[in-house]
Amino acid sequence: MKITRAVVPSLFTVLNIFCGFLSLIHTTRGDYPMASWFIILAAIFDVLDGLMARITKSSSDFGVEFDSLSDIVSFGVAPSFLIYHIHPYAQSGFGILLSSMPMVFGALRLARFNANLVGYDKEFFNGLPIPASAVTIGTFVISLSLEGTGLSNLGASLLAPMVVVLSLLMVSTLKYDTAPKFTRRDIQQHPVRFTITIVCFTAIVVTEGQALFPIFVLYIFSGPLRYGIKFLHHLIHPGSKDLEEKDTEVSSVDV
């Protein structure tokens with residue numbers, strides 16, 4: 001029975017890494033929107049494997065390592081490969097360096113994450129989660145792709161700075177909220193987070209996915225915004241203590 005419970009979340013992790021592989025295939029075919037959708041689908045399976053791990057109470061060190069290996073494919077290699085093919089200067093040295101950043105910085109983020117992991121169920125991430133970075137890139141490509149192949153002029157001009165910012169945020173120490181766990185205790189402790197999640201999900205359904213990119217942009221800005229509010233709070237109240245200092249980062253099996 002114990003082995004059966006452990007297999008359930010791992011099946012979703014397998015689907016995660018398989019979607020990353022399918023994204024690579026569609027990128028080589030020049031179908032960049034479909035490649036981006038498979039990155040988004042991989043992120044959905046990534047969330048589900050954490051959910052199944054909590055439901056079956058089967059979180060484990062194996063799950064952490066397997067999840068991280070899957071993440072580096074689906075949310076590191078796949079978006080980097082996509083950027084390499086879609087960036088207008090991909091063949092230059094700058095283009096290759098830029099394309100590699102989500103993969104390299106994502107690997108650094110995951111390595112730091114696993115090295116500092118304490119427990120499986122906490123309140124926030126240190127640094128932008130690698131799935132959020134990859135989904136932002138994927139939704140950006142979907143939103144600003146031309147009918148044929150490649151990005152629009154606006155998309156091409158915004159791609160490089162966006163990739164640099166996302167990569168640096170992944171290895172930063174800015175705090176980002178985890179997704180709500182939809183338990184009675186979590187809803188009572190974080191009603192605002194739960195409400196925002198419901199509103200965002202509704203917006204995604206109503207707009208048929210078009211709200212994905214702006215929602216993830218807002219999530220990305222939440223880290224610097226949280227830091228700015230905390231910094232101002234310490235300036236106004238220099239003797240106060242940060243209530244979040246006791247928290248540690250959430251496990252990757254729950255990402």
Side-chain angles (χ1 to χ4, degrees), residues 43 46-47 50 54 71 75 101-102 104-137 139-140 143 157-204 207 211-255:
D46 193 45
V47 171
R54 286 193 296 271
D71 286 356
F75 311 126
M101 289 185 71
V104 173
F105 282 80
L108 290 172
R109 194 237 185 273
L110 289 170
R112 183 188 69 180
F113 179 94
N114 288 355
N116 297 329
L117 180 62
V118 179
Y120 298 116
D121 193 16
K122 298 300 183 289
E123 297 298 324
F124 64 88
F125 302 104
N126 283 320
L128 181 67
I130 183 174
S133 172
V135 170
T136 302
I137 293 171
T139 54
F140 174 84
S143 300
S157 62
L158 293 177
L159 181 61
M162 184 189 70
V163 169
V164 172
V165 169
L166 291 175
S167 299
L168 293 177
L169 285 175
M170 280 194 288
V171 295
S172 73
T173 56
L174 296 177
K175 294 180 180 179
Y176 285 90
D177 287 329
T178 64
K181 302 174 181 64
F182 295 96
T183 62
R184 180 179 299 179
R185 178 186 175 191
D186 192 66
I187 293 172
Q188 291 175 345
Q189 289 181 342
H190 307 286
V192 175
R193 183 190 302 180
F194 177 78
T195 303
I196 291 175
T197 302
I198 295 299
V199 171
C200 290
F201 180 78
T202 303
I204 292 170
T207 62
L212 271 170
F213 180 62
I215 286 172
F216 272 89
V217 169
L218 291 175
Y219 179 70
I220 289 164
F221 277 106
S222 70
L225 179 62
R226 181 201 293 260
Y227 177 82
I229 293 173
K230 175 180 160 185
F231 180 75
L232 290 175
H233 178 76
H234 281 302
L235 286 180
I236 299 172
H237 307 285
S240 64
K241 294 183 179 180
D242 184 11
L243 296 177
E244 296 177 328
E245 285 179 352
K246 296 181 181 180
D247 291 336
T248 53
E249 191 175 14
V250 68
S251 166
S252 60
V253 296
D254 296 334
V255 175

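Because the structure is predicted, anything quoted here is derived from the model rather than measured.
- Atom CD1 of I236 sits about 11.0 Å away from atom CZ of F231, to the nearest 0.5 Å.
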task = Would you check, one step at a time, whether the test side-chain contact (heavy atoms from CB on, under 4.5 Å) holds for D46 with F75?
result = CA-CA 10 Å; D46 193 45; F75 311 126; 3.9 Å; yes
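- Side chain of Y176 to main chain of I220: a donor-acceptor pair is present (N/O by atom type, distance under 3.5 Å, no hydrogens or angles).
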task = List the steps and the verdict of side-chain contact (heavy atoms from CB on, under 4.5 Å) for I130 and M170.
result = CA-CA 7 Å; I130 183 174; M170 280 194 288; 3.9 Å; yes
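- Closest approach of S143 to F213, counting heavy atoms only: OG-CB, 3.8 Å.
- Across all non-hydrogen atoms, the minimal contact from N126 to T173 is OD1-O, 4.0 Å.
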inquiry  = Checking F125 against D177 for the side-chain contact (heavy atoms from CB on, under 4.5 Å) test, could you report, in this order, the C-alpha distance in whole Å, the side-chain angles of both residues, the deciding distance, and whether it holds?
reply    = CA-CA 6 Å; F125 302 104; D177 287 329; over 6 Å; no
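- Here the side chains of M162 and I137 are in contact, with some heavy-atom distance below 4.5 Å.
- The structure places CE of M101 at 9.5 Å from CG of L166, a figure rounded to the nearest 0.5 Å.
- Closest approach of Y219 and L128 over heavy atoms only: CE2-CD1, 4.0 Å.
- In this structure, A211 and A203 approach most closely via the heavy-atom pair CB-O, 3.8 Å.
- Between the T139 side chain and the T136 main chain, a donor and an acceptor come within less than 3.5 Å of each other.
- Atom CZ of F105 sits about 13.5 Å away from atom CG of L110, to the nearest 0.5 Å.
- In this structure a side-chain-to-backbone donor-acceptor pair under 3.5 Å is present from S172 to L169.
- Between the side chain of R226 and the main chain of L174, no donor-acceptor pair closer than 3.5 Å is present.
- Under the 4.5 Å side-chain criterion, counting only non-hydrogen atoms from C-beta, S133 is not in contact with S167.
- The shortest non-hydrogen separation linking P129 to R109 is CA-NE, 3.6 Å.
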